[in-house]
There are 2 protein chains.
Amino acid sequence: MPVSSSGCCAPISDAALDAAGAAEGATVFKALADPIRLRLLSMITSAGDEICVCDLTPQFDVSGPTISHHLKVLREAGLVDCERRGTWVYYWPVPERLQWISSLLAVPEPIPAR
Amino acid sequence: MPVSSSGCCAPISDAALDAAGAAEGATVFKALADPIRLRLLSMITSAGDEICVCDLTPQFDVSGPTISHHLKVLREAGLVDCERRGTWVYYWPVPERLQWISSLLAVPEPIPAR
DNA sequence: AGTCAAGATAGATATATGTCGAAACAGGAG
DNA sequence: CTCCTGTTTCGACATATATCTATCTTGACT
């Protein structure tokens, strides 16, 4: 039964994310927290290896600059990378980054169900 | 070489997330897009099975209502659930939801590295 | 009842974010 | 060199979000 003033039951596990890790994780999740960016990322990851911006933009109802802005957010989060080849710019995913952010969502032990 | 006006190379894969799925995914990622909420979730998932709010609040430099607000966001995103027992309120994770959101981050095919 | 403590809710405010149009930049074609 | 197209950057604005203080609700205990 909980009695102390500073805590009523089990202490915080050391397995919990520290403040620094949480800050970095939050910035990456922030990049994913928009429907357009999520679809952009999905299109980029489901393309064979890379995809042209000119194939992404027409899929949305927003202006070109807005798509460019969202791609920049994904790029700055380290989730995708890009390269200009001639007139067009191509984007591809960064799998290691995707795996890392995905790992933050793992539940340590299989919880029995409740 | 890209030539058409509507697309310059490969078409969008059918594997890409549709607008509806992206909208729901984005709301969940939005819940994760804050350092405090990420730490809260981490503490909740790394506790054995559940954890008391009174053990969460003192870990942060923000006020009680702010923690309460963040917990509500996590709850409404379906990531955690809670129950009041006497004076205290206990939170636990919803593993199925965590797995679902994690699955949105999976890269369809192993990309050869670039 | 009356009191106290744990959490949640409400209302206010400052900051962050998504969106646009206009303008700048980069490269290819005439 | 000059024009045209694809993409990014810039500035502005409307909306959303994080945080606070104050208040309310719930339950325990005297």
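Reminder, nothing fancy here: chain letters follow the sequence lines and each chain counts from 1. Quick caveat, the model's predicted, so the values are computed rather than measured.
Minimum interatomic distance between A:I101 and A:G25 (heavy atoms only, all atoms of both residues): CD1-O, 3.8 Å. Between A:A22 and B:R39, the closest heavy-atom pair is CB-CG, 3.3 Å. Here the shortest heavy-atom pairing between A:C82 and A:V89 reads CB-CG1, 4.1 Å.
Residue B:F60 is classed as having no contact, given no heavy-atom separation below 4.0 Å to the nucleic acid.
A salt bridge links B:R97 with B:E24; the closest basic N to acidic carboxylate O contact falls under 4.0 Å.
Following rounding to the nearest Å, A:L40 (CG) and D:dT8 (P) show an atom-to-atom distance of 11 Å. Computed from coordinates, the A:W88 CH2 to C:dA29 C1' distance equals 12 Å when rounded to whole Å. One can place CD1 of A:I67 at 16 Å from C1' of D:dT9, the figure rounded to the nearest angstrom. The distance between atom NZ of A:K72 and atom C1' of D:dT7, rounded to the nearest whole Å, is 13 Å. Summarising the geometry, the separation between CG on B:L74 and C1' on D:dT17 is reported as 14 Å, rounded to the nearest angstrom. Following rounding to the nearest Å, A:L71 (CG) and D:dT9 (C1') show an atom-to-atom distance of 14 Å.
Using a 4.5 Å cut-off on side-chain heavy atoms (C-beta onward), B:L41 and B:L98 make contact. Side-chain contact check for A:F29 versus B:R37: every heavy-atom pair is 4.5 Å or farther apart. Contact of the A:L79 side chain with the A:L32 side chain is registered, since non-hydrogen atoms from C-beta on lie closer than 4.5 Å. Within the 4.5 Å cutoff, no side-chain heavy atoms of A:V73 are placed close to those of A:D34.
How far CE of B:M43 is from OH of B:Y91: 14.5 Å, rounded to the nearest 0.5 Å.
For the side chain to side chain contact (heavy atoms under 4.5 Å, CB included) test with A:I44, the passing option among A:D81, A:V94, A:L71 is A:L71; the others fail.
For the pair A:Y91 and D:dT8, the criterion of a side-chain N or O lying under 4.0 Å from OP1 or OP2 is met.
Here the side chain of A:T57 pairs no donor or acceptor atom with the backbone of A:C54 at under 3.5 angstrom.
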What's touching nucleotides 16-18 of chain C from the protein side, N or O pairs under 3.5 Å?
{"unit_1": "C:dG18", "atom_1": "OP1", "unit_2": "A:R37", "atom_2": "NH1", "d": "3.2"}
{"unit_1": "C:dG18", "atom_1": "OP1", "unit_2": "A:R37", "atom_2": "NH2", "d": "2.8"}
{"unit_1": "C:dG18", "atom_1": "OP2", "unit_2": "A:R37", "atom_2": "NH1", "d": "3.4"}

Can you pull every protein N or O that's under 3.5 Å from an N or O on nucleotides 22-30 of chain D?
{"unit_1": "D:dT26", "atom_1": "O2", "unit_2": "B:R84", "atom_2": "NH2", "d": "3.3"}

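Taking only side-chain atoms of A:C54, from C-beta outward, the nucleotide of D:dG6, D:dT8, C:dA6 with the closest atom is D:dG6.
Summary for the helix from C:dA1-D:dT30 to C:dG30-D:dC1: the axes at its two ends, each from 5 pairs, differ by 20° when rounded to the nearest 10 degrees.
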